[in-house]
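Because only heavy atoms are used, hydrogens play no part in the values below, and waters and symmetry mates are left out as well, while side chains stay in.
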Amino acid sequence: MAADTTDRAFKHIMQDVNRVYVGARMTYGEMISWDEVPFKICAIVSKELLPSADEDTTLAGHIATMSRDDFTYRVLKQLKIRIKAGTYTYKEKKDGTRKEKYKSEIYSLEDFKTLTESGEEYMVEEIIFNKLALLGFST
């Protein structure tokens, strides 16, 4: 039950004046079917992202597997998405035990792609869409 609760914690849509925040565990199919997701995001997912991925794919998972040369990568770069992700660091204590530290940061698409390629352990929390970039993107 704890895993289900955690999964739901990362499936959300929130908005403020400038941005739309999408929970990282939402799949493309869920994004299209939820009424709370802005229509422009649904249209972009349907027309630009789904042809190269499955409906069960998450946006974060798709970004991690795409190359910088992919058309979908260029679409996301044009949308100026940002990714909120956390990384783990470990420190050795004097007594031989390890102390784990979690740090959450917001990454540009390019920086997040570098993080995924680094092999470092990370957890994606949210995908952030810029409303002005969404407005300027023609579908």
Side-chain angles (χ1 to χ4, degrees):
M1 183 163 161
D4 183 43
T5 305
T6 303
D7 196 41
R8 278 187 278 144
F10 289 100
K11 289 185 178 184
H12 61 271
I13 298 291
M14 294 186 300
Q15 294 188 49
D16 63 19
V17 174
N18 298 315
R19 294 174 193 86
V20 178
Y21 305 88
V22 178
R25 295 200 181 147
M26 284 189 69
T27 64
Y28 286 145
E30 289 170 334
M31 288 171 77
I32 292 170
S33 65
W34 281 28
D35 292 335
E36 293 84 14
V37 178
F39 180 77
K40 188 80 169 229
I41 293 176
C42 293
I44 291 168
V45 167
S46 295
K47 290 175 119 180
E48 308 295 343
L49 303 177
L50 269 178
S52 63
D54 188 30
E55 281 194 11
D56 295 331
T57 304
T58 64
L59 183 53
H62 193 188
I63 293 168
T65 60
M66 68 177 65
S67 76
R68 287 180 169 88
D69 298 327
D70 288 348
F71 180 73
T72 51
Y73 184 84
R74 292 189 316 198
V75 167
L76 295 173
K77 193 168 181 130
Q78 180 78 29
L79 289 171
K80 299 178 181 176
I81 69 160
R82 298 172 59 95
I83 298 97
K84 183 177 180 183
T87 56
Y88 295 94
T89 55
Y90 303 97
K91 272 190 170 181
E92 285 286 330
K93 290 182 171 180
K94 290 181 182 179
D95 63 0
T97 60
R98 289 188 344 170
K99 181 180 179 184
E100 182 179 296
K101 185 178 179 185
Y102 182 80
K103 183 180 179 187
S104 185
E105 289 185 53
I106 296 176
Y107 296 91
S108 68
L109 180 61
E110 188 69 28
D111 291 341
F112 178 71
K113 190 65 180 158
T114 303
L115 175 67
T116 62
E117 293 168 347
S118 72
E120 191 175 340
E121 188 178 349
Y122 65 92
M123 183 176 82
V124 181
E125 299 170 16
E126 286 181 327
I127 309 297
I128 305 166
F129 289 87
N130 181 307
K131 284 186 176 180
L132 189 57
L134 283 170
L135 182 66
F137 192 88
S138 90
T139 52

Would a single hydrophobic cluster contain both [Y] and [X], if residues Ile, Leu, Val, Met, Phe, Trp and Tyr are joined by side-chain heavy-atom contacts under 4.5 Å?
X: I128; Y: I81; result: no
X: I13; Y: I127; result: yes
X: F71; Y: L49; result: yes
X: I32; Y: Y21; result: no

So does [Y] get a backbone contact from the side chain of [X], meaning a donor-acceptor N/O pair under 3.5 Å?
X: K40; Y: L134; answer: yes
X: K80; Y: K131; answer: no
X: E30; Y: T27; answer: yes
X: T57; Y: A53; answer: no

Worksheet item: Between K84 and E105, is there a side-chain N and carboxylate O pair less than 4.0 Å apart?
Response: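 E105 and K84: not salt-bridged.
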Worksheet item: If we only count heavy atoms from C-beta on, is the K113 to Y107 side-chain gap below 4.5 Å?
Response: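 They are not in side-chain contact.
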Practice prompt. Using a 4.5 Å cut-off on heavy atoms from C-beta on, say whether the side chain of N18 contacts that of L132.
Written response: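 Answer no - side chains too far apart.
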Worksheet item: Will you find, in the side chains of E126 and H12, an N or O donor that is under 3.5 Å from an N or O acceptor?
Response: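 Yes, a side-chain donor-acceptor pair sits under 3.5 Å.
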Worksheet item: Where is the tightest heavy-atom contact between M26 and K11, given as atom of each residue plus distance?
Response: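 Answer, listing the atom of M26 first, then K11: CG-CA, 3.6 Å.
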Worksheet item: So which heavy atom on V75 is nearest to which on F137, and how close?
Response: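 Minimum heavy-atom contact is CG1-CZ, 3.7 Å.
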To the nearest 0.5 Å, what is the distance between [atom1] ([X]) and [atom2] ([Y])?
X: C42; Y: D35; atom1: SG; atom2: CG; value: 9.0 Å
X: I41; Y: M31; atom1: CD1; atom2: CE; value: 6.0 Å
X: E120; Y: L115; atom1: CD; atom2: CG; value: 5.5 Å
X: E121; Y: M123; atom1: CD; atom2: CE; value: 10.0 Å
X: Y90; Y: R98; atom1: OH; atom2: CZ; value: 5.5 Å
X: N130; Y: R19; atom1: CG; atom2: CZ; value: 6.5 Å

Practice prompt. Might you work through the side chain to side chain contact (heavy atoms under 4.5 Å, CB included) test for L79 and I44, ending with a clear yes or no?
Written response: CA-CA 10 Å; L79 289 171; I44 291 168; 3.8 Å; yes
Worksheet entry | Residue pairs fulfilling salt bridge (charged side-chain N to carboxylate O under 4.0 Å, His left out) with at least one residue in residues 65-76, sequence neighbours excluded |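 Every pair satisfying salt bridge (charged side-chain N to carboxylate O under 4.0 Å, His left out) with a residue in residues 65-76: R68-E110, R68-E117.
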Fill in: side-chain hydrogen bond (donor to acceptor under 3.5 Å, both in side chains) partners for E125, two or more places apart
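Only Y102, S104 meet the side-chain hydrogen bond (donor to acceptor under 3.5 Å, both in side chains) criterion with E125.
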Practice prompt. Please step through ring pair (Phe, Tyr, Trp, His ring centres under 6.0 Å) for the pair F112 and Y122, ending with a clear verdict.
Written response: CA-CA 10 Å; F112 178 71; Y122 65 92; 5.6 Å; yes
Worksheet item: Should E55 and L50 be marked as a side chain to side chain contact (heavy atoms under 4.5 Å, CB included) after you check the CA-CA gap, both sets of side-chain angles, and the distance that decides it?
Response: CA-CA 7 Å; E55 281 194 11; L50 269 178; 3.9 Å; yes
